[in-house]
Peer 1: 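Take a look at this one; I'll ask things after.
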Amino acid sequence: MTEHADRLTDHARLLVSCPDGHGIVAAVAGLLSELGANIVASDQHSTDPEGGRFFLRMEFHLAGLDAARAVLERRFGEEIAARFEMDWRLSYPAEAKRVALFVSRRDHCLLDLLWRWRRGDLPCEMACVVSNNPDCAEAVAAFGVPFHHVPVAQGSKAEAEARMLELLDGQVELVGLARYMQILSDGFLDRVGVPVINIHHSFLPAFIGAGPYERAWERGVKLIGATAHYVTADLDEGPIIEQDIQRVTHRDGPAELARIGADIERSVFSRAIKWHLEDRVLVYENRTIVFT
């Protein structure tokens, strides 16, 4: 067990989404207290206290959690979740989520995440890196993470995705697209069975395709930004997890804009991945509630 996991032994996280109403927090806290749990953190949000949607993220400590888990889950489901019509899940942070990263040639987001993971800043296990070209293989090997080259030649996308699904099957709880410059098919997203998080510059939809920073410079943009979001069948329109911007001026050429953009992408992507791993993100329709 890692030092991080050892610190979180007997800890659990509860995430709830349900119609808002009276007595939700009291009922949840009452059951946890009855079971001997100590609440150590709690965040909540309501879209409207009368007829809105209620969201809750709660962390608690329960001595002997492994032995009590089955009773906890059964009683919460029967006594609380059913009563308040909850969508809910319990997460156990001592069980680190396994992550796969996809990348193409630009490695800034990939290497930043691997560095943060090696330092212990990301509470996960790095299962593997998958790439459509071999450029990052040596860099990834230095981190001791398996690297899989899965080329995507013209006309072979279905075969490539089948191979990627084979590599991921039952092995990961999250996929991060660390500047993976291939569009994943609807069939892949349906079959992968885990959340997928993407990062891209925030010029979309104004500057689609290659050379966005050159075209942004030609238009004299004054803001550079990045967006991290969950991937859905609607290209680049999934629920947004995190965004950031930085002001630029006429003195910044295309190369400097690209450098600034890459730096923002790194920080935005790492925050989005970390918040997901820490169970801080709840999706509601095409929006997110992020408890930070």
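Here the structure is a predicted model, which is why all the values come from computation and not from measurement.
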Peer 1: Is there a path of hydrophobic side-chain contacts, each under 4.5 Å between heavy atoms, that joins Leu56 and Leu282?
Peer 2: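 Per the 4.5 Å side-chain linkage, Leu56 and Leu282 are not co-clustered.
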Peer 1: Could you tell me if the side chain of Leu168 sits less than 4.5 Å from the side chain of Phe188, heavy atoms only?
Peer 2: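 Result yes, sub-4.5 Å side-chain heavy-atom pair found.
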Peer 1: Hey, could you give me the CD/OG distance between Gln246 and Ser267, rounded to the nearest 0.5 Å?
Peer 2: 9.5 Å
Peer 1: Taking the basic N atoms (NZ, or NE/NH1/NH2) and the acidic carboxylate oxygens, is any pair closer than 4.0 Å for Arg116 and Asp112?
Peer 2: yes
Peer 1: With sequence neighbours excluded, what pairs up with Asp43 under the side-chain hydrogen bond (donor to acceptor under 3.5 Å, both in side chains) test?
Peer 2: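 Residues passing side-chain hydrogen bond (donor to acceptor under 3.5 Å, both in side chains) with Asp43: none at all.
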Peer 1: Going only through I, L, V, M, F, W and Y residues with side-chain contacts under 4.5 Å, is there a path from Val175 to Ile183?
Peer 2: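 No: no chain of side-chain contacts under 4.5 Å links Val175 to Ile183.
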Peer 1: Donor-acceptor check, side chain of Ser131 to backbone of Asn133, threshold 3.5 angstrom: yes or no?
Peer 2: yes
Peer 1: Thinking salt bridges, do Arg271 and Asp244 make one under a 4.0 Å N-O criterion?
Peer 2: yes
Peer 1: For Thr232, give me all partners under side chain to side chain contact (heavy atoms under 4.5 Å, CB included), at least two apart in sequence or on another chain.
Peer 2: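 For Thr232, the residues satisfying side chain to side chain contact (heavy atoms under 4.5 Å, CB included) (neighbours in sequence not counted) are Asp234, Pro239.
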Peer 1: Identify the residue among Leu114, Val172, Val145 that makes a side-chain contact (heavy atoms from CB on, under 4.5 Å) with Leu101.
Peer 2: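 With Leu101 as partner, Leu114, Val172, Val145 yield a single side-chain contact (heavy atoms from CB on, under 4.5 Å), made by Leu114.
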Peer 1: What distance separates Ile24 CD1 from Arg83 CZ, expressed to the nearest 0.5 Å?
Peer 2: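 Between atom CD1 of Ile24 and atom CZ of Arg83 there are 9.5 Å.
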Peer 1: Quick check on Trp275: does its CH2 atom have over 12 non-hydrogen neighbours (other residues, nucleotides or ligands) under 6.0 Å away?
Peer 2: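 More than 12 heavy atoms, drawn from other residues, nucleotides or ligands, come within 6.0 Å of this atom.
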Peer 1: Give every residue pair that meets the side-chain hydrogen bond (donor to acceptor under 3.5 Å, both in side chains) criterion with at least one member in residues 48-58, sequence neighbours excluded.
Peer 2: Ser17-Arg53, Arg53-Asp87, Arg57-Glu59
Peer 1: For a 4.5 angstrom cut-off between non-hydrogen side-chain atoms, does Leu90 reach Glu73?
Peer 2: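 When only atoms from C-beta onward are counted, Glu73 and Leu90 do touch, with a gap below 4.5 Å.
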Peer 1: Run the side chain to side chain contact (heavy atoms under 4.5 Å, CB included) test against Asn132 and tell me which residues pass, sequence neighbours left out.
Peer 2: Ser104, Val152, Tyr180, Gln182
Peer 1: Judged by atom type as modelled, is there a donor-acceptor pair below 3.5 Å linking the side chain of Asp252 to the main-chain atoms of Thr249?
Peer 2: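 Yes.
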Peer 1: Is it true that Glu34 and Arg75 make a salt bridge, defined as a side-chain N closer than 4.0 Å to a carboxylate O?
Peer 2: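 Arg75 and Glu34: salt-bridged.
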Peer 1: With a sphere of 6.0 Å drawn around CZ of Arg69, does it hold more than 12 non-hydrogen atoms of other residues, nucleotides or ligands?
Peer 2: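 Atom CZ in Arg69 is crowded, with more than 12 foreign heavy atoms closer than 6.0 Å.
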Peer 1: Using the ring pair (Phe, Tyr, Trp, His ring centres under 6.0 Å) rule, collect all pairs that involve residues 29-62, keeping only residues at least two apart or in two chains.
Peer 2: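 As it turns out, the ring pair (Phe, Tyr, Trp, His ring centres under 6.0 Å) pairs with a partner in residues 29-62, which skip direct neighbours, are His11-His61, Phe55-Tyr284.
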Peer 1: Would you mind listing every side-chain hydrogen bond (donor to acceptor under 3.5 Å, both in side chains) that reaches into residues 158-168, with sequence neighbours excluded?
Peer 2: Glu161-Ser185, Arg163-Glu166
Peer 1: Donor-acceptor pairs under 3.5 angstrom involving side-chain atoms of residues 220-230: please list them, not counting sequence neighbours.
Peer 2:
from, atom 1, to, atom 2, distance (Å)
Lys222, NZ, Gly220, O, 2.7
Thr227, OG1, Ser202, OG, 2.7
Thr227, OG1, Gln243, NE2, 2.9
His229, NE2, His200, NE2, 3.3
Tyr230, OH, His276, ND1, 2.8

Peer 1: Compare all side-chain heavy atoms of Leu32 with those of Ile39 and state whether any distance is below 4.5 angstrom.
Peer 2: yes
Peer 1: Once side chain to side chain contact (heavy atoms under 4.5 Å, CB included) is applied, do any residues pair with Asp190, and if so which ones, sequence neighbours excluded?
Peer 2: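 Not a single residue meets the side chain to side chain contact (heavy atoms under 4.5 Å, CB included) criterion with Asp190.
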Peer 1: Any chance the side chains of His108 and Glu265 put a donor and an acceptor closer than 3.5 Å?
Peer 2: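 Yes, a side-chain donor-acceptor pair sits under 3.5 Å.
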Peer 1: Who pairs with Tyr92 by ring-ring contact (aromatic ring centres under 6.0 Å, His included), at least two apart in sequence or on another chain?
Peer 2: none
Peer 1: For the pair Asp10 (side chain) and Leu65 (backbone), establish whether a donor and an acceptor sit closer than 3.5 Å, ignoring hydrogens and angles.
Peer 2: yes
Peer 1: Pick one: which of Leu177, Ile241, Val99 meets side-chain contact (heavy atoms from CB on, under 4.5 Å) with Ile197?
Peer 2: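 Exactly one option meets the side-chain contact (heavy atoms from CB on, under 4.5 Å) with Ile197, and it is Ile241.
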Peer 1: Which distance, rounded to the nearest 0.5 Å, do you find between the CG of Leu110 and the CH2 of Trp115?
Peer 2: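 Result: 14.5 Å between the selected atoms.
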Peer 1: Check whether any side-chain heavy atom of Glu85 lies under 4.5 Å from a side-chain heavy atom of Cys18, and answer yes or no.
Peer 2: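 Counting from C-beta outward, Glu85 and Cys18 never come under 4.5 Å.
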Peer 1: Within the 4.5 Å heavy-atom criterion, are Lys97 and Leu174 side-chain neighbours or not?
Peer 2: no
Peer 1: With Ser91 as reference, evaluate Leu277, Asp279, Leu14 under the side-chain contact (heavy atoms from CB on, under 4.5 Å) test and give the passing residue.
Peer 2: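 It is Asp279; the other options fail the test.
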Peer 1: Under a 4.5 Å cut-off applied to non-hydrogen side-chain atoms, are Leu165 and Asp169 in contact?
Peer 2: no
Peer 1: Pair up each side-chain donor or acceptor in residues 118-130 with any protein partner under 3.5 Å, not counting sequence neighbours, and list the distances.
Peer 2:
from, atom 1, to, atom 2, distance (Å)
Arg119, NE, Asp121, OD2, 3.4
Glu125, OE1, Arg98, NH1, 3.0

Peer 1: Output yes when Glu278 and Arg280 qualify as a salt bridge under the 4.0 Å nitrogen-oxygen rule, no when they do not.
Peer 2: yes
Peer 1: Evaluate the side-chain proximity of Phe269 to Arg179: yes if any heavy-atom separation is below 4.5 Å, no if none is.
Peer 2: no
Peer 1: Apply the hydrophobic cluster definition, ILVMFWY joined by side-chain contacts under 4.5 Å directly or through others, and give me every member besides Met181.
Peer 2: none
Peer 1: Restricting to pairs with a member in residues 139-179, which pass ring pair (Phe, Tyr, Trp, His ring centres under 6.0 Å), not counting sequence neighbours?
Peer 2: none
